[in-house]
Chemist: 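I have a structure here, written as structure tokens, and I will follow up with some questions on it.
From a predicted model like this one, the values you see are computed outputs, not experimental measurements.
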Number of protein chains: 2
Amino acid sequence: MAKSQADRFPEEHQRLADLAKALSHPARIAILEVLASRNVCVCGEVVAELPLSQATVSQHLKVLVEAGLIVGEIEGPKSCYCVNWSRLDEVRTMFSTWFGHTERLKIDCC
Amino acid sequence: MAKSQADRFPEEHQRLADLAKALSHPARIAILEVLASRNVCVCGEVVAELPLSQATVSQHLKVLVEAGLIVGEIEGPKSCYCVNWSRLDEVRTMFSTWFGHTERLKIDCC
DNA sequence: TTTAATCATCGTATATAGACGATAAACAAT
DNA sequence: ATTGTTTATCGTCTATATACGATGATTAAA
């Protein structure tokens with residue numbers, strides 16, 4: 001966002017928008033699915049699954065970590081990521097709640 | 001997205017990411033709520049509700065229209081927008097389905 | 001027909017986002 | 001110790017996103 005007028009908006013709206021932004025790239029959707037489908041925390045495997053360079057994937061992973069959607073830890077020369085399930089569920093609830101709230105505002109339109 | 005590598009990803013992921021992007025700014029979250037809370041389709045009223053210039057609000061409205069989340073029509077010198085409820089519900093379902101699908105992939109992690 | 005009001009769009013400026021090659025840091029394995 | 005592997009980060013380039021003033025188009029109202 002340019003000039004970052006973000007603080008002019010309610011905390012609630014900002015948080016929802018930030019989460020949406022974390023999900024606003026197909027690579028990050030794909031990464032979440034890849035991590036979700038492994039019983040072992042994958043690392044460089046993610047790169048192999050995506051049509052992007054290692055550096056770019058690493059950036060996307062960082063975005064997801066900062067949004068709290070995944071967790072990463074270093075294991076030797078490798079890095080291991082996994083889905084933060086409790087957080088993911090929290091986010092699911094936040095979206096669901098917002099849609100419900102917004103639809104309840106409906107009265108009559110057009 | 002830079003260079004537009006979008007077509008390297010599944011249609012499904014792309015569509016979800018695009019919707020998330022439409023919701024990735026607090027102003028657009030706010031606009032949806034404002035429109036949802038009026039029984040008459042508001043126009044310039046939206047501008048009055050937001051801490052942004054008329055030009056900027058108009059841009060955000062355009063993004064929401066392009067995402068199909070709202071509908072706009074010109075009425076005299078004014079423009080009238082309203083929430084596309086069926087589409088909003090469709091989007092709600094898409095997110096809900098994705099979260100459900102992703103959580104079902106869970107096996108055991110970390 | 002002027003006048004005022006409303007709003008989309010243009011032009012422009014700045015900030016982010018996205019992509020990747022190159023590199024450095026951290027280890028494992030030799 | 002040296003080598004190879006893995007991955008985060010840096011630097012850089014390009015594309016989008018965000019923001020706003022100014023303008024033009026449209027129309028209601030005077």
Chemist: Whole angstroms only, please: what is the CD-P distance between B/Glu75 and D/dA25?
Modeler: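 From B/Glu75 CD to D/dA25 P: 22 Å.
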Chemist: Please report, rounded to the nearest Å, how far the P atom of C/dA17 is from the CG atom of A/Leu23.
Modeler: 14 Å
Chemist: Can you sort out the partners of B/Val91 under side-chain contact (heavy atoms from CB on, under 4.5 Å), two or more places apart, ordered by chain and number?
Modeler: A/Phe99, B/Leu19, B/Leu69, B/Arg87, B/Phe95
Chemist: Using side-chain contact (heavy atoms from CB on, under 4.5 Å) as the criterion, list what pairs up with A/Glu12, not counting sequence neighbours.
Modeler: A/Arg15
Chemist: B/Ile29 has an atom CD1; how far is it from atom P of D/dT18, in whole Å?
Modeler: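 To the nearest whole Å, that distance equals 12 Å.
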Chemist: Could you work out which one of D/dA22, C/dC20, D/dG21 sits closest to the side chain of B/Ser53?
Modeler: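 Among D/dA22, C/dC20, D/dG21, the one nearest the side chain of B/Ser53 is D/dG21.
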Chemist: In whole angstroms, how far is the P atom of C/dT23 from the CD atom of A/Gln54?
Modeler: 14 Å
Chemist: Looking only at the side chain of B/Lys21 (C-beta and beyond, no hydrogens), which of the listed nucleotides D/dT7, D/dA17, C/dG21 gets closest?
Modeler: D/dA17
Chemist: Listed by chain and number, what are the side-chain hydrogen bond (donor to acceptor under 3.5 Å, both in side chains) partners of B/Gln54, not counting sequence neighbours?
Modeler: none
Chemist: Hey, is A/Lys78 close enough to A/Glu45 for a salt bridge, meaning N to O under 4.0 Å?
Modeler: no
Chemist: B/Phe9 CZ to C/dG18 C1': how many Å, rounded?
Modeler: 11 Å
Chemist: Pick one: which of B/Glu33, B/His25, B/Arg28 meets side chain to side chain donor-acceptor pair (under 3.5 Å) with A/His13?
Modeler: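 Result: among B/Glu33, B/His25, B/Arg28, B/Glu33 is the only option passing the side chain to side chain donor-acceptor pair (under 3.5 Å) with A/His13.
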Chemist: List for me each residue that meets salt bridge (charged side-chain N to carboxylate O under 4.0 Å, His left out) alongside B/Asp18, sequence neighbours excluded, and say none if there are none.
Modeler: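 Counting only residues at least two positions away or on another chain, B/Asp18 forms no salt bridge (charged side-chain N to carboxylate O under 4.0 Å, His left out).
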Chemist: Using atom CD1 of A/Ile31 as one end and atom P of D/dT7 as the other, report the distance to the nearest whole Å.
Modeler: 13 Å
Chemist: State which residues pass salt bridge (charged side-chain N to carboxylate O under 4.0 Å, His left out) with A/Glu66; sequence neighbours excluded, sorted by chain then number.
Modeler: none
Chemist: For B/His25 and C/dA17, what is the distance between atoms NE2 and P respectively, to the nearest whole Å?
Modeler: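 Answer to the nearest Å: 11 Å.
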Chemist: Go through the structure and list residues passing side-chain contact (heavy atoms from CB on, under 4.5 Å) with B/Thr56, not counting sequence neighbours.
Modeler: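 Result, side-chain contact (heavy atoms from CB on, under 4.5 Å) vs B/Thr56: B/Leu52, B/Ser53, B/His60.
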Chemist: Check side-chain contact (heavy atoms from CB on, under 4.5 Å) between B/Gln59 and all other residues, then give those that pass, not counting sequence neighbours.
Modeler: none
Chemist: For C/dA8, take OP1 and OP2 only and decide whether either is under 4.0 Å from a side-chain N or O of B/Ser79.
Modeler: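 Yes, because at least one side-chain N or O of B/Ser79 sits under 4.0 Å from OP1 or OP2 of C/dA8.
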Chemist: Verify the contact: side-chain N or O of A/Tyr81 to OP1 or OP2 of D/dT6, cut-off strictly under 4.0 Å; return yes or no.
Modeler: no
Chemist: Among residues 56-63 of chain B, which ones have heavy-atom contacts with DNA chain D below 4.0 Å?
Modeler: B/Thr56, B/Gln59, B/His60
Chemist: Measure the distance from CG on B/Leu64 to P on D/dT18 and round it to the nearest whole Å.
Modeler: 11 Å
Chemist: Base contacts versus sugar-phosphate-only contacts with protein, heavy atoms under 4.0 Å: please encode nucleotides 25-30 of chain C as B, S and - from 5' to 3'.
Modeler: --SS--
